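Since the structure is predicted, the reported quantities are computational estimates derived from the model, not experimental observations.
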Amino acid sequence: MTARTNGLPTRPPRNTGPIELRDFGPTGRRLGTPDDCYDGSPWELHRGELIEQMGSKDIHGIVMALLAALFRTHAREGFTVMTDVYCDLSDPAGPSLRAPDVVVVGDLSSPRNDAYRGTPLLAVEIRGTQSRRYLEEKVKLYLEHEWPWVWIAHAERRELEVVRPGTASITYRPGAEVPLLPELGKHGLGAVPVAALFEERDAARFTDEWVEARTQARAILAVLSARGLAVPEAVQARVLACGEPAALERWLVSAATAASGAVFAAAVDRG
């Protein structure tokens, strides 16, 4: 029977023998196989060598949860968000199974029973207490396999670094907005402040609260349309962009009672 610690399996690697008895690889790490990488395993595999996973339990886990919630809220139909899942990056240089903190995939046709073997749309690594070598090695492997978008969330600095194959990285610092991929535009969100990736208070504005506000804004425009009241596109855009529940409540009443589109537009101008 498999023992469990904190709800995770702690069984030894299958068919590979004790890790402490393995030979060493060219970079000084113990040799391993894909059998060493299973749900709950502390190991990743990098071109035939074992790498101990280095995620931390505090800020690392918080940021991972915030990003996963944001992506799941805004991912369009057909895209799946997974956390801490093994991805197969094996190549002629050796077998590799690495586990990004978060991935967004668009080619998951059935439930995943083992390592993911496609190409993620977006992979995220959270830099907390990991060594630079550990993180750079993973990102380099992703880029060599032509993963199109890699985000590195620097948790301590509250910065996001965006890396793509063949291009210079872009760093978004506090106060800036991070553009979202169109595949994360289910509710029309095009960008988020950097703070929303690291702070629970800011993140909430773009998950449940954002969806509620967007739904109410669309209801306002539907009421106007049903009543035959025309309003300028700029006014419609302002309604859709609003995230203030109190203002949306006022505008919904105005949409239902205004004598004309101009009267409604004036109400929007008043806020």
Side-chain angles (χ1 to χ4, degrees), residues 2 5 8-56 60-61 64 67-68 80-154 161-169:
T2 300
T5 302
L8 296 176
T10 57
R11 67 189 179 199
R14 301 185 296 273
N15 306 319
T16 52
I19 290 175
E20 61 271 16
L21 300 181
R22 311 278 183 84
D23 290 334
F24 290 94
T27 66
R29 294 162 168 158
R30 299 279 186 180
L31 295 176
T33 77
D35 279 343
D36 295 309
C37 302
Y38 47 83
D39 287 347
S41 169
W43 301 103
E44 294 177 288
L45 187 65
H46 190 90
R47 289 176 170 156
E49 296 183 342
L50 290 172
I51 311 292
E52 189 168 7
Q53 297 197 58
M54 293 185 174
S56 57
H60 184 280
M64 183 167 69
L67 284 165
T80 304
V81 180
M82 300 186 290
T83 58
D84 209 20
V85 63
Y86 284 113
C87 296
D88 191 340
L89 293 125
S90 301
D91 55 29
S96 294
L97 288 172
R98 304 306 300 254
D101 291 310
V102 186
V103 288
V104 181
V105 306
D107 56 357
L108 198 66
S109 58
S110 60
R112 184 192 61 83
N113 295 318
D114 54 6
Y116 170 73
R117 291 183 169 80
T119 299
L121 169 75
L122 170 64
V124 181
E125 289 291 343
I126 298 159
R127 175 77 191 279
T129 58
Q130 305 99 321
S131 70
R132 176 182 289 274
R133 178 191 178 190
Y134 172 84
L135 183 64
E136 289 181 346
E137 190 174 54
K138 290 181 77 172
V139 172
K140 183 174 183 286
L141 189 64
Y142 301 158
L143 298 179
E144 288 176 356
H145 283 256
E146 297 294 322
W147 285 15
W149 293 92
V150 180
W151 284 12
I152 306 171
H154 296 275
E161 184 180 357
V162 176
V163 185
R164 303 199 67 193
T167 65
S169 65

Engineer: Please give me the minimum heavy-atom distance between S96 and D88, naming the atom from each residue.
Structural biologist: O-OD1, 3.4 Å

Engineer: Report yes or no: does H145 contribute a side-chain atom to a donor-acceptor pair with the main-chain N or O of L89 at less than 3.5 Å?
Structural biologist: yes

Engineer: Would you check if the side chain of R164 reaches a backbone N or O of V162 as a donor-acceptor pair within less than 3.5 Å?
Structural biologist: no

Engineer: Over all heavy atoms of both residues, which pair between C87 and P100 is shortest? Give the atoms and the distance, please.
Structural biologist: SG-CD, 3.8 Å

Engineer: Do the side chains of Y116 and V105 get nearer than 4.5 Å, heavy atoms only?
Structural biologist: yes

Engineer: Using a strict 4.0 Å threshold on nitrogen-to-oxygen distance, state whether E144 and R98 make a salt bridge.
Structural biologist: no

Engineer: Grab the two heavy atoms, one from M64 and one from D101, that are nearest each other, plus how far apart they are.
Structural biologist: SD-O, 3.3 Å

Engineer: Just how far is it from atom CG of L122 to atom CH2 of W147, taken to the nearest 0.5 Å?
Structural biologist: 10.0 Å

Engineer: Is E44 paired with K138 through a side-chain N to carboxylate O contact shorter than 4.0 Å?
Structural biologist: yes

Engineer: Would a 4.5 Å heavy-atom cut-off, applied to side chains only, mark L97 and Y38 as touching?
Structural biologist: no

Engineer: Of all the heavy-atom pairs spanning T83 and A68, show the shortest one and how long it is.
Structural biologist: CG2-CB, 3.7 Å

Engineer: With rounding to the nearest 0.5 Å, note down the distance linking CD1 in I126 to CG in L135.
Structural biologist: 10.5 Å

Engineer: When you measure from the side chain of Q53 to the backbone of S41, do you find a donor-acceptor pair of N or O atoms at a distance under 3.5 Å?
Structural biologist: yes

Engineer: Compare every heavy atom of P165 with every heavy atom of L143, then report the nearest pair and how far apart it is.
Structural biologist: CD2-N, 3.8 Å

Engineer: Side chains of V139 and E161: does their closest heavy-atom pair fall under 4.5 Å?
Structural biologist: no

Engineer: Is there a side-chain contact between R47 and D91 (heavy atoms, below 4.5 Å)?
Structural biologist: yes

Engineer: Using a 3.5 Å distance criterion without hydrogens, assess whether the side chain of R30 forms a donor-acceptor pair with backbone atoms of L50.
Structural biologist: no

Engineer: Grab the two heavy atoms, one from G118 and one from D107, that are nearest each other, plus how far apart they are.
Structural biologist: CA-OD2, 3.8 Å

Engineer: To the nearest 0.5 Å, tell me how far C37 SG sits from D114 CG.
Structural biologist: 12.0 Å

Engineer: With the side chain counted from C-beta on, respond yes when E125 and V163 share a heavy-atom pair under 4.5 Å apart, and no when they do not.
Structural biologist: no

Engineer: Are T27 and H46 side-chain neighbours, meaning at least one heavy-atom pair lies under 4.5 Å?
Structural biologist: no

Engineer: Please tell me if the side chains of P34 and L45 come closer than 4.5 Å, counting only heavy atoms from C-beta onward.
Structural biologist: yes

Engineer: I'd like to know if R132 pairs up with E136 as an ion pair, taking the criterion as any Lys NZ or Arg NE/NH1/NH2 lying under 4.0 Å from an Asp or Glu carboxylate oxygen.
Structural biologist: yes

Engineer: To the nearest 0.5 Å, tell me how far I19 CD1 sits from W43 CH2.
Structural biologist: 5.0 Å

